[in-house]
Number of protein chains: 2
Amino acid sequence: MAKAQLDELDLQILAALSTRADLTNKALAARLGLAESTCAHRVRGLRDRGVIRDTRIRLDAATLGYPLEAIIKVRLANHTGEKVNALFDALVATPRVLQVFHVAGVDDFLVHVAVQDAAALRDIVLEHITVHPVVRGTETQLVFDLRDGRGVLG
Amino acid sequence: MAKAQLDELDLQILAALSTRADLTNKALAARLGLAESTCAHRVRGLRDRGVIRDTRIRLDAATLGYPLEAIIKVRLANHTGEKVNALFDALVATPRVLQVFHVAGVDDFLVHVAVQDAAALRDIVLEHITVHPVVRGTETQLVFDLRDGRGVLG
DNA sequence: TATGAAAGAGTGGGGCT
DNA sequence: AGCCCCACTCTTTCATA
């Protein structure tokens, strides 16, 4: 995806929608002083160009019965491309996994999970991660709190 | 937030909306074989109960001119509650910061950033992170790839 | 609690500037 | 590009079961 040229209006739209993604087109147009059709056209353009990837709901893991979040650092024994990708796929497909970072450095993967209790966390580590022969070790860090930053528009 | 009691229908709604958050209420109702009004009430209930926290758009950082993502691990010298919170606030308010994990363990914070190039990354580390006296050290890991997992419903 | 129907609100295309 | 208009779709309220 190449760098898109965005004018000031595009940035305003993105800023507004970043605050409230469920803003109606009518409300968004009113806020920016645009005609509704113009606004709708712009937003569609941003989606078509891939600037807005998609719209997602955020669930409250605790309310759903998974109050314990952790980051599991995964270190590999070797870095054969094929095995790394297979592991990546496996991690992403593991229940209770929220996101998986594939990183360069001391660790190879950072796995963000939400589980019901410590036992469930142990099960994930033992049954879904260290079972893979390519995994050399893991280190788990409890997540006290997770907050969103200002993002790329900040 | 206490654990909410969710029936099978609630879970189906959450699963459907997790796939496509921009599904119209009409389409959602049709998919689940519900009356539109019933479906709307259910969804509103899930929002009111906090099960659905909010709706967000996901921006493509690369398209916006920030193609380089990294995780910056931050380690503290001491852990006075007040200073830790102040640093947390500062990290979250830093431009280009996507999310900040406050974790227990070797590291204290994991800062996920998206920047335009290596120089910008260095500037964040030097000017926004290591400037805080409480920060004892950082370690930066380039993010090759980031994928979403199955989530808590998986 | 779920439903259907009707009133109200929002959307998006066409023709125009 | 942006705007206005209008037909269409979707949402929401309400009476009813």
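Every chain is numbered from 1, with letters handed out A, B, ... down the list of sequences.
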When the distance from [atom1] of [X] to [atom2] of [N] is rounded to whole Å, what number comes out?
X: B/Arg44; N: C/dA2; atom1: CZ; atom2: P; result: 15 Å
X: A/Leu34; N: D/dC4; atom1: CG; atom2: C1'; result: 14 Å
X: B/His41; N: D/dA15; atom1: NE2; atom2: P; result: 13 Å
X: B/Arg47; N: D/dT12; atom1: CZ; atom2: C1'; result: 15 Å
X: A/Asn25; N: D/dC8; atom1: CG; atom2: C1'; result: 15 Å
X: A/Leu28; N: C/dG12; atom1: CG; atom2: P; result: 12 Å
X: A/Lys26; N: D/dC8; atom1: NZ; atom2: P; result: 19 Å

So which nucleotide from [options] ends up closest to the side chain of [X]?
X: A/Ala35; options: D/dT13, D/dC4, D/dT11; answer: D/dC4
X: A/Glu36; options: C/dG12, D/dG2, D/dT11; answer: C/dG12
X: B/Arg42; options: D/dT13, C/dT1, C/dG12; answer: C/dT1

Heavy-atom check, side chain of A/Thr63 versus side chain of B/Leu6, under 4.5 Å:
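No, their side chains stay 4.5 Å or more apart.
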
B/Arg20 side chain near A/Arg56 side chain, heavy-atom distance below 4.5 Å
no

Assess the pair A/Phe88 and A/Phe109: is the distance between their ring centroids shorter than 6.0 Å?
yes

Below 6.0 angstrom between ring centroids: does that apply to A/His112 and B/Phe101?
yes

Please list all pairs passing the ring-ring contact (aromatic ring centres under 6.0 Å, His included) test where one or both residues lie in residues 32-85 of chain B, with sequence neighbours left out.
none

Is it true that B/Arg75 and B/Glu139 have a side-chain N and a carboxylate O under 4.0 angstrom from each other?
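A salt bridge links B/Arg75 with B/Glu139.
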
Please check: side-chain N/O of A/Asp89 versus main-chain N/O of A/Ala86, any donor-acceptor pairing under 3.5 Å?
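Not a single qualifying donor-acceptor pair exists.
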
Look at the side chain of B/Asn25 and the backbone N and O of B/Ala40, then say whether any donor-acceptor pair between them is shorter than 3.5 Å.
yes

Could you work out how much the helix from C/dT1-D/dA17 to C/dT17-D/dA1 bends, comparing the axis of its first five pairs with that of its last five, to 10°?
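About 30° separates the two local helix axes.
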
Which is true for A/Ser37 with a 4.0 Å heavy-atom rule: it touches a base, it touches only sugar-phosphate, or it touches nothing?
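Counting heavy atoms under 4.0 Å across all strands, the contact made by A/Ser37 includes a base.
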
Is there a residue in residues 9-22 of chain B whose heavy atoms reach under 4.0 Å of DNA chain D, and which residues are they?
none

Passing candidate, side chain to side chain contact (heavy atoms under 4.5 Å, CB included) with B/His102, options B/Val84, B/Leu110, B/Asp107, B/Val92
B/Val84

